[in-house]
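Just so it is clear, the structure is predicted and the values come from calculations on it, not from any experiment. Order of the sequence lines sets the chain letters (A, B, ...), proteins ahead of strands, with each chain counted from 1. Side chains are part of it too, since the values below use all heavy atoms of this structure and drop only hydrogens, waters and symmetry mates.
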Protein chains: 2
Amino acid sequence: MAEQRIPRATAKRLPIYYRYLNILLDADKTRVSSTELSEAVKVDSATIRRDFSYFGALGKRGYGYDVPKLIEFFKKILNQDQLTNVALVGVGNLGHALLNFNFHQNSNVRISAAFDVNDNIVNTVQSGVPIYPLSEMGKQLRDQQIAIAIITVPENTAQEVTDELAKADVRGILNFTPRRLSVPDSIRVQNVDLTNELQTLIYFIDNYGELLGGNEKSQD
Amino acid sequence: MAEQRIPRATAKRLPIYYRYLNILLDADKTRVSSTELSEAVKVDSATIRRDFSYFGALGKRGYGYDVPKLIEFFKKILNQDQLTNVALVGVGNLGHALLNFNFHQNSNVRISAAFDVNDNIVNTVQSGVPIYPLSEMGKQLRDQQIAIAIITVPENTAQEVTDELAKADVRGILNFTPRRLSVPDSIRVQNVDLTNELQTLIYFIDNYGELLGGNEKSQD
DNA sequence: GCGGTCTTGTTAGCTTAATCACAACGACAA
DNA sequence: TTGTCGTTGTGATTAAGCTAACAAGACCGC
């Protein structure tokens with residue numbers, strides 16, 4: 001086991017594999033080949049085999065991969081064997097939807113605290129999650145040992161909220177605002193920009209017409 | 001002008017540039033350098049210059065780029081000079097949030113029709129958008145000439161809805177379900193998987209610790 | 001136990017993307 | 001007008017990722 005760092009591209013595919021493997025298990029399939037998996041997740045079968053091989057020889061030649069075994073393996077890799085608590089900052093339109101979004105249904109993650117400036121909801125419980133005033137954010141995050149935050153605040157406050165999160169030693173931020181955040185090296189940012197996604201989609205449609213696989217290769 | 005296809009990676013950055021340029025203009029800045037832009041959007045300055053150069057010589061040496069000119073240019077490239085109507089399929093938790101999400105605020109896109117199976121909301125207007133029964137989807141999409149759909153339906157119905165969209169000659173799908181869709185070559189799919197994003201973030205935090213730039217390079 | 005069949009793991013080649021580094025050129029001051 | 005300074009545009013290089021192709025090895029029917 002060379003114990004080298006997994007390529008970034010591979011890492012991003014792991015959750016996709018993990019989820020589909022669970023779907024297979026739910027359907028009582030205990031065995032799967034890279035070709036079969038390939039069709040379901042739209043990733044080339046060679047890429048799948050290569051991805052898996054970074055973790056050692058997980059499959060059996062002439063047979064394929066054992067689904068339960070693979071799931072157990074990825075569960076640990078992805079830290080899904082323990083519950084991860086996450087904070088939500090900004091309980092507006094989108095924030096509210098995320099409170100109701102059942103992350104816990106297919107992953108061991110849940111939003112355990114939320115923060116907002118709106119006095120009408122502060123100190124209430126929404127969808128089972130307590131809403132604290134923004135001013136208490138640092139304290140609560142430290143007390144509850146929360147290391148990951150989702151931010152759905154107005155874009156012009158995104159950076160200042162981020163700075164506060166940094167002070168509270170948060171390690172990861174899922175950023176739904178369109179701003180690209182400045183953070184210290186200790187924090188990892190993952191951007192989800194809905195407007196961007198739509199614009200990109202439109203651009204591709206208008207410029208990368210039918211010619212050369214609109215699909216089956218590199219979806220998204 | 002070599003008129004060759006823009007690299008995929010470049011295309012995905014265009015909306016990011018476009019948005020930040022607009023922010024600059026709002027702040028009455030009419031001039032920007034690749035270095036300055038680089039800091040704001042977290043993309044290497046050489047990459048920015050190269051990206052821009054695919055479209056010809058847009059800047060001036062020793063000066064930088066003219067913001068209004070650049071905006072005008074990208075506006076056309078990104079099809080933002082005309083309104084794009086989009087359909088929403090599945091008006092549940094997340095779907096509702098997207099209806100309220102103001103795409104039109106920073107892009108020339110709007111949701112102009114929505115579809116659902118829930119009789120309680122079908123044939124009503126939600127957030128200014130009419131909700132039609134799913135059974136009318138094909139007809140409405142064709143009548144209204146809508147070529148792009150956002151799907152926020154339960155995952156087990158994602159594929160069948162997709163098949164219907166394909167029949168209605170939709171060209172692009174923004175897929176919020178965790179399933180990877182099978183589509184004909186004429187359709188482009190862009191996936192947004194929230195659970196995935198969180199899992200990826202967690203994985204990176206646990207495995208790509210501080211060492212070697214948690215940030216400043218390749219956010220997301 | 002044997003032969004044919006299947007599927008992995010991996011090598012090698014290829015494609016795409018990111019970055020360095022600098023000559024070319026326009027801006028701007030004097 | 002001339003010289004300096006700043007910033008672009010781009011050739012060259014390095015890095016990352018993808019995929020074809022196949023030998024090695026395990027399964028399974030007989």
Take the protein atom [atom1] of [X] and the nucleotide atom [atom2] of [N], then report the distance between them rounded to whole Å.
| X | N | atom1 | atom2 | answer |
| --- | --- | --- | --- | --- |
| B:Asp51 | C:dT16 | CG | P | 16 Å |
| A:Lys12 | D:dG17 | NZ | P | 8 Å |
| A:Leu58 | C:dT7 | CG | C1' | 14 Å |
| B:Asp44 | C:dA21 | CG | C1' | 12 Å |
| B:Arg8 | C:dA17 | CZ | C1' | 12 Å |
| A:Tyr54 | C:dT11 | OH | C1' | 13 Å |
| B:Ile48 | D:dT7 | CD1 | P | 14 Å |
| A:Leu37 | C:dG9 | CG | P | 13 Å |

Below 4.5 Å, heavy atoms only, C-beta onward: do [X] and [Y] meet side chain to side chain?
| X | Y | result |
| --- | --- | --- |
| A:Leu174 | B:Leu194 | no |
| B:Tyr20 | B:Val32 | no |
| A:Arg19 | B:Gln199 | no |
| B:Tyr17 | B:Val43 | yes |
| A:Asn22 | A:Ile71 | yes |

Against the six-membered ring of A:Phe204, is B:Arg8 placed for a cation-pi contact (under 6.0 Å from the centre, within 45° of the normal)?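 B:Arg8 over A:Phe204 ring: yes.
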Can you tell me if the side-chain N/O atoms of [X] get under 4.0 Å from OP1 or OP2 in [N]?
| X | N | result |
| --- | --- | --- |
| A:Ser34 | C:dT7 | no |
| B:Arg31 | D:dT8 | no |
| A:Arg13 | D:dC18 | yes |

Overall bend - the helix from C:dG1-D:dC30 to C:dA30-D:dT1, comparing terminal axes fitted on five pairs, nearest 10 degrees: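 The helix from C:dG1-D:dC30 to C:dA30-D:dT1 shows an end-to-end axis angle of 20°.
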Just checking A:Thr47: base, sugar-phosphate only, or nothing, at a heavy-atom cut-off of under 4.0 Å?
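Base contact.
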* Asked: Of the candidate nucleotides C:dC20, D:dG9, C:dA27, which contains the atom at the shortest distance from the side chain of B:Ala57?
  ->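 Looking only at side-chain atoms, B:Ala57 lies closest to D:dG9.
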Can you tell which of D:dG9, C:dT19, C:dG9 lies closest to the side chain of A:Ser53?
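The nucleotide sitting nearest to the side chain is C:dG9.
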### Message
Can you give me the closest heavy-atom contact between A:Val170 and A:Ile146, atom names plus distance?
### Response
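Of all heavy-atom pairs spanning A:Val170 and A:Ile146, the closest is CG2-O, 4.1 Å.
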Query raised in the report: Tell me, which of residues 63-78 of chain A have any heavy atom that sits under 4.0 Å from an atom in DNA chain C?
Result: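 DNA chain C contact set from residues 63-78 of chain A: A:Tyr63, A:Gly64, A:Tyr65.
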- prompt: Considering heavy-atom distances to DNA chain D, does A:Ala9 or B:Arg49 have its closest nucleotide positioned more toward the 5' end?
  reply: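 Between the two, 5'-proximity favours B:Arg49.
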Margin query: One thing to verify: whether B:Lys167 and B:Glu164 come together as a salt bridge, which I'm taking to mean a side-chain N less than 4.0 angstrom from a carboxylate O.
Written below: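 Looking at B:Lys167 together with B:Glu164, the answer is yes, because their closest N to O distance falls below 4.0 Å.
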| query | Pick from B:Gln144, B:Arg110, B:Gln145: which one makes a side chain to side chain donor-acceptor pair (under 3.5 Å) with B:Asn85? | reply |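 When side chain to side chain donor-acceptor pair (under 3.5 Å) is applied between B:Asn85 and each of B:Gln144, B:Arg110, B:Gln145, only B:Arg110 qualifies.
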Checking salt bridge (Lys or Arg N to Asp or Glu O under 4.0 Å) for the pair B:Glu72/B:Lys69: CA distance, chi angles, key distance, verdict? CA-CA 5 Å; B:Glu72 279 317 301; B:Lys69 181 181 159 193; over 6 Å; no
- Answer yes or no: side-chain N or O of A:Arg61 and base N or O of C:dT8 forming a donor-acceptor pair under 3.5 Å.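 Pair found.
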Does a distance-only test, which skips hydrogens and angles, find a donor-acceptor pair under 3.5 Å between the side chain of A:Arg50 and the base of D:dT19?
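Yes, a donor-acceptor pair under 3.5 Å.
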